[in-house]
Amino acid sequence: MSQDANCIFCKIVAGQIPSRKVYEDDDIFAFHDIAPWAPVHILLIPKRHIVSMAHVQPEDEALIGRMLGLAPKLALQEGARPYPEGGFRIVTNTGKEGGQEVHHLHFHVMGGPRPWLRG
Ligand code: 5GP
Ligand code: ZN
């Protein structure tokens, strides 16, 4: 599994930095964002160090599909209300102008009653 020794999310996957985990399997890890914008705000990441959506290769597409398929389940599990009254938002910041601060691919999954702090 390729990891980056200086990457904060690789360290979270390895348990070197604590996190509030909500899901884990062989390839995927999910945990609460440390600075939530919304009542429910989790980060869904591949365990493997993929830098951003701009770095996704054809062989990663099944993994990305599985992550997106998990997002609605985790949103509900963590307290988002069901569609259509509830729902959730998936955001993936990519690159500097895309607002990406942590360079390990992650999907923000946000939900819960409004108003939200951001978004
Ligand atoms: P980006 O701006 O790259 O899309 O989002 C990075 C997110 O990672 C931010 O929402 C930030 O709050 C979150 N984050 C940064 N460092 C940590 C950390 O050590 N633990 C957790 N749980 N979240 C973090
Ligand atoms: Zn990483």
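Computed from a predicted structure; not experimentally measured. Order of listing sets the numbers, starting from 1, for every ligand and every atom in it. Note: hydrogens, waters and symmetry copies are ignored here, and every other heavy atom, side chains too, is used.
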Engineer: When only distance counts, is N93 in polar contact with ligand 1, meaning an N/O pair under 3.5 Å?
Structural biologist: yes

Engineer: Between atom CD1 of I28 and atom CZ of R66, what is the distance when rounded to the nearest 0.5 Å?
Structural biologist: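 CZ of R66 is found 3.5 Å from CD1 of I28.
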
Engineer: Do me a favour and list the nearest non-hydrogen protein atom to atom 22 (N) of ligand 1 with residue, atom name and distance?
Structural biologist: H32 O, 2.9 Å

Engineer: In terms of residue, atom name and distance, what is the protein heavy atom nearest to atom 17 (C) of ligand 1?
Structural biologist: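 Nearest protein contact, heavy atoms only, for atom 17 (C) of ligand 1 is I34 CG2, 3.8 Å.
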
Engineer: Can you tell me how far apart OH (Y23) and CD1 (I42) are? Round to the nearest 0.5 Å.
Structural biologist: 11.5 Å

Engineer: Under the side-chain contact (heavy atoms from CB on, under 4.5 Å) test against L44, which residue among F107, F31, F29 passes?
Structural biologist: F107

Engineer: At a non-hydrogen distance cut-off of under 4.0 Å, which region of T92 contacts ligand 1 (side chain, backbone, both, or neither)?
Structural biologist: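 No part of T92 comes within reach of ligand 1.
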
Engineer: Within the structure, does I8 bring an N/O atom to less than 3.5 angstrom of an N/O atom in ligand 1?
Structural biologist: no

Engineer: With a cut-off of 6.0 Å (strictly less than), are more than 12 heavy atoms of other residues, nucleotides or ligands near CD of E97?
Structural biologist: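 No, CD of E97 has 12 or fewer neighbouring heavy atoms, counting only those of other groups under 6.0 Å.
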
Engineer: Relative to the heavy atoms of F9, which atoms of ligand 1 are at a distance of less than 4.0 Å?
Structural biologist: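 Every atom of ligand 1 under 4.0 Å from some heavy atom of F9: 8 (O).
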
Engineer: Among protein heavy atoms, which lies nearest atom 12 (O) of ligand 1, and at what distance?
Structural biologist: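 Ranked first by proximity to atom 12 (O) of ligand 1 is D33 OD1, 2.5 Å.
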
Engineer: What part of S19, side chain from CB on, backbone N/CA/C/O, both or neither, has a heavy atom under 4.0 Å from ligand 1?
Structural biologist: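 Looking at S19 and ligand 1, no heavy atom falls under 4.0 Å.
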
Engineer: Do F88 and L74 land in one hydrophobic cluster if side-chain heavy atoms of ILVMFWY residues count as linked below 4.5 Å?
Structural biologist: yes

Engineer: Between F107 and ligand 1, which residue portion shows a heavy-atom distance shorter than 4.0 Å: side chain, backbone, both, or neither?
Structural biologist: neither

Engineer: Report the part of L43 (side chain from C-beta onward, or backbone N, CA, C, O) that has a heavy atom under 4.0 Å from ligand 1; answer both or neither where that applies.
Structural biologist: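 Just the side chain.
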
Engineer: Please say yes or no: joined through hydrophobic side-chain contacts below 4.5 Å, possibly via intermediate residues, are I64 and F9 part of one cluster?
Structural biologist: no

Engineer: Could you tell me which N, O or S atom of H49 is nearest to the Zn ion (ligand 2)?
Structural biologist: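 Going by distance to the Zn ion (ligand 2), the closest N, O or S atom in H49 is ND1.
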
Engineer: Checking the N or O distance criterion of under 3.5 Å, is ligand 1 in contact with E101?
Structural biologist: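 Yes.
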
Engineer: H106 near ligand 1, heavy-atom distance under 4.0 Å?
Structural biologist: yes

Engineer: Just need the protein heavy atom nearest to atom 15 (C) of ligand 1, so name the residue and atom and give the distance.
Structural biologist: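 In this structure, atom 15 (C) of ligand 1 has V102 CG2, 4.2 Å as its nearest protein heavy atom.
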
Engineer: Got a second to check how far N93's CG is from H108's NE2, nearest 0.5 Å?
Structural biologist: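 Here the interatomic distance stands at 4.5 Å.
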
Engineer: Just checking: H103, one of its N/O/S atoms, less than 2.8 Å away from the Zn ion (ligand 2), yes or no?
Structural biologist: no

Engineer: Hey, which atoms in ligand 1 end up nearer than 4.0 Å to a heavy atom of A35?
Structural biologist: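 Going through ligand 1 atom by atom, the ones under 4.0 Å from A35 are 12 (O).
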
Engineer: Using distance alone, decide if ligand 1 has a nitrogen or oxygen within less than 3.5 Å of any nitrogen or oxygen in F31.
Structural biologist: no

Engineer: Could you tell me which non-hydrogen atom of P113 sits nearest to which non-hydrogen atom of P39, and how far apart they are?
Structural biologist: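 Closest heavy-atom pair between P113 and P39: O-CG, 3.4 Å.
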
Engineer: Tell me which one of H41, R20, H32 satisfies side chain to side chain donor-acceptor pair (under 3.5 Å) with E78.
Structural biologist: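 So, applying the side chain to side chain donor-acceptor pair (under 3.5 Å) to E78 and each of H41, R20, H32, only H32 qualifies.
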
Engineer: Would you call L43 and V102 a side-chain contact if the rule is heavy atoms closer than 4.5 Å?
Structural biologist: no

Engineer: What do you reckon, does H108 put a non-hydrogen atom under 4.0 Å from ligand 1?
Structural biologist: yes

Engineer: Closest N/O/S atom of H104 to the Zn ion (ligand 2), by atom name?
Structural biologist: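 For H104, the N, O or S atom at the smallest distance from the Zn ion (ligand 2) is ND1.
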
Engineer: So which heavy atom on H104 is nearest to which on P46, and how close?
Structural biologist: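 Taking H104 first and P46 second, the nearest heavy atoms are NE2-O, 2.7 Å.
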
Engineer: Please report the shortest heavy-atom distance between G111 and A38, naming the atom on each side.
Structural biologist: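 G111 and A38 have their closest heavy atoms at O-CB, 3.6 Å.
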
